[in-house]
Amino acid sequence: MENEKKDIFDKIMGWGFLKKFEPFYKAHKEVLLYLFFGGLTTVVSVIFFAIPMNILHIGKGKLLGFTIDYDVTIANIISWICAVTFAYVTNRTWVFEDKAHGTGAVVRECAAFFAGRLFTLVVETLLLNVMTNTFKMQEIIAKIIVSVVTIVLNYFISKLLVFKKEK
């Protein structure tokens with residue numbers, strides 16, 4: 001990192017008592033920043049889930065024989081849009097330090113990122129409905145638990161498919 005341009009997080013790790021953690025940070029920077037921004041993305045997701053959950057009162061219905069809680073599903077989609085947008089910007093900028101340039105390259109990368117997150121949206125929505133309808137878990141608690149699963153899935157999708165390093 002000595003010859004590379006330092007970002008804000010590299011600079012912070014050079015401050016006072018944090019300097020003793022700098023070797024660990026350098027060795028695990030990508031994962032540490034992913035966890036940090038994954039945590040912030042979860043906060044964004046939970047906030048934008050809780051707001052519509054407290055406003056919507058649509059109820060439940062049947063879809064393909066399954067009970068669907070429309071409030072949970074709609075709130076989760078709104079939360080997903082906000083969280084994925086936040087995650088794309090932070091992952092591209094700081095976590096994977098992506099170097100894609102040009103409109104076409106960025107659009108392809110963004111599309112791949114959202115497509116990967118769309119897969120985990122389906123997983124997340126199914127798990128949320130199972131936890132809230134089958135196990136009668138409180139919605140916000142279920143959302144937080146399911147977010148852990150999606151953070152792990154999203155890391156591997158981003159690392160292996162979206163922001164893969166060119167050889």
Side-chain angles (χ1 to χ4, degrees), residues 1-15 18 21-53 63 68 70 72-131 139-140 142-167:
M1 266 189 226
E2 307 312 325
N3 298 334
E4 296 177 31
K5 185 179 176 193
K6 291 186 173 193
D7 64 27
I8 185 72
F9 300 100
D10 298 334
K11 291 175 184 173
I12 289 170
M13 290 309 296
W15 293 352
L18 292 175
F21 298 107
E22 195 172 17
F24 180 81
Y25 166 77
K26 285 180 179 180
H28 305 287
K29 179 180 179 179
E30 182 178 277
V31 172
L32 292 170
L33 287 178
Y34 186 81
L35 290 172
F36 173 73
F37 285 113
L40 290 179
T41 300
T42 300
V43 170
V44 168
S45 182
V46 169
I47 288 168
F48 285 96
F49 180 78
I51 293 169
M53 278 299 300
L63 180 65
I68 300 295
Y70 293 118
V72 168
T73 302
I74 292 169
N76 196 50
I77 291 168
I78 292 168
S79 129
W80 180 84
I81 292 167
C82 296
V84 172
T85 302
F86 176 81
Y88 175 70
V89 171
T90 58
N91 279 230
R92 182 185 195 320
T93 305
W94 290 293
V95 176
F96 298 105
E97 298 176 347
D98 192 56
K99 306 294 186 247
H101 295 291
T103 305
V106 172
V107 167
R108 280 189 299 278
E109 175 187 87
C110 187
F113 189 85
F114 273 77
R117 293 306 202 270
L118 189 58
F119 166 74
T120 58
L121 171 65
V122 171
V123 170
E124 183 177 46
T125 301
L126 291 172
L127 288 173
L128 274 172
N129 275 286
V130 167
M131 294 172 97
E139 291 91 353
I140 299 298
K143 177 70 175 173
I144 292 168
I145 292 169
V146 169
S147 292
V148 172
V149 173
T150 58
I151 286 172
V152 173
L153 285 172
N154 286 334
Y155 175 78
F156 288 107
I157 290 168
S158 292
K159 175 86 174 157
L160 301 174
L161 302 175
V162 179
F163 299 111
K164 61 185 175 222
K165 302 286 185 209
E166 297 299 321
K167 293 181 181 176

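Heavy atoms only: backbone and side chains are in, while hydrogens, waters and symmetry mates are out.
By the side chain to side chain contact (heavy atoms under 4.5 Å, CB included) test, Ala105 pairs with Ala100, Arg108, sequence neighbours left out. Judged as a ring-ring contact (aromatic ring centres under 6.0 Å, His included), and not counting sequence neighbours, Phe49 has no contacts. In this structure, Phe86 has no ring-ring contact (aromatic ring centres under 6.0 Å, His included) partners at least two apart in sequence or on a different chain. Listed by chain and residue number, Thr103 satisfy the side chain to side chain contact (heavy atoms under 4.5 Å, CB included) test with Val107 (two or more places apart in sequence, or in another chain).
Each of Ile8, Asp7, Ile12 was scored for a side-chain contact (heavy atoms from CB on, under 4.5 Å) with Asp10, with one residue passing: Asp7.
Contact record, Asn91 with Ser158: OD1-OG, 4.1 Å, taken as the closest heavy-atom pair. In terms of heavy-atom proximity, Thr41 sits nearest to Ala83 at CG2-O, 3.6 Å. For the pair Ile151 and Gly38, the tightest heavy-atom approach, listed with the atom from each and the gap, is CD1-O, 3.7 Å. Taking both residues in full, the closest heavy atoms of Val84 and Phe113 are given as O-CE2, 3.6 Å, listed atom of the first, atom of the second, then distance. For the pair Asn154 and Gly116, the tightest heavy-atom approach, listed with the atom from each and the gap, is OD1-O, 4.4 Å.
Within the structure, salt bridge (Lys or Arg N to Asp or Glu O under 4.0 Å) contacts touching residues 114-131 (residues at least two apart or in different chains) are Glu124-Lys143. Among residues at least two apart or in separate chains, salt bridge (Lys or Arg N to Asp or Glu O under 4.0 Å) pairs with a member in residues 150-161 are Glu30-Lys159.
Taken to the nearest 0.5 Å, the CG atom of Leu33 stands 8.0 Å off from the CZ atom of Phe36. Put simply, NZ on Lys11 and NZ on Lys6 are 9.0 Å apart, with the number rounded to the nearest 0.5 Å. Rounded to the nearest 0.5 angstrom, Ile145 CD1 and Ile140 CD1 are separated by 12.0 Å. For the atom pair Glu139 CD and Ile144 CD1, the distance stands at 12.0 Å (nearest 0.5 Å).
The closest side-chain heavy-atom distance from Leu121 to Leu118 is below 4.5 Å. Within the 4.5 Å cutoff, the side chain of Phe48 has no heavy atoms near those of the Ile81 side chain. In this structure, the side chains of Phe156 and Leu161 stay at 4.5 Å or more apart for every pair of heavy atoms. Contact of the Leu40 side chain with the Thr90 side chain is not registered, since no non-hydrogen atoms from C-beta on lie closer than 4.5 Å.
Taking the six-membered ring for Trp and the full ring otherwise, Phe37 and Phe9 have centroids separated by under 6.0 Å.
Using a 30° and 60° split on the angle between ring planes, Phe163 and Phe96 fall in the parallel class, below 30°.
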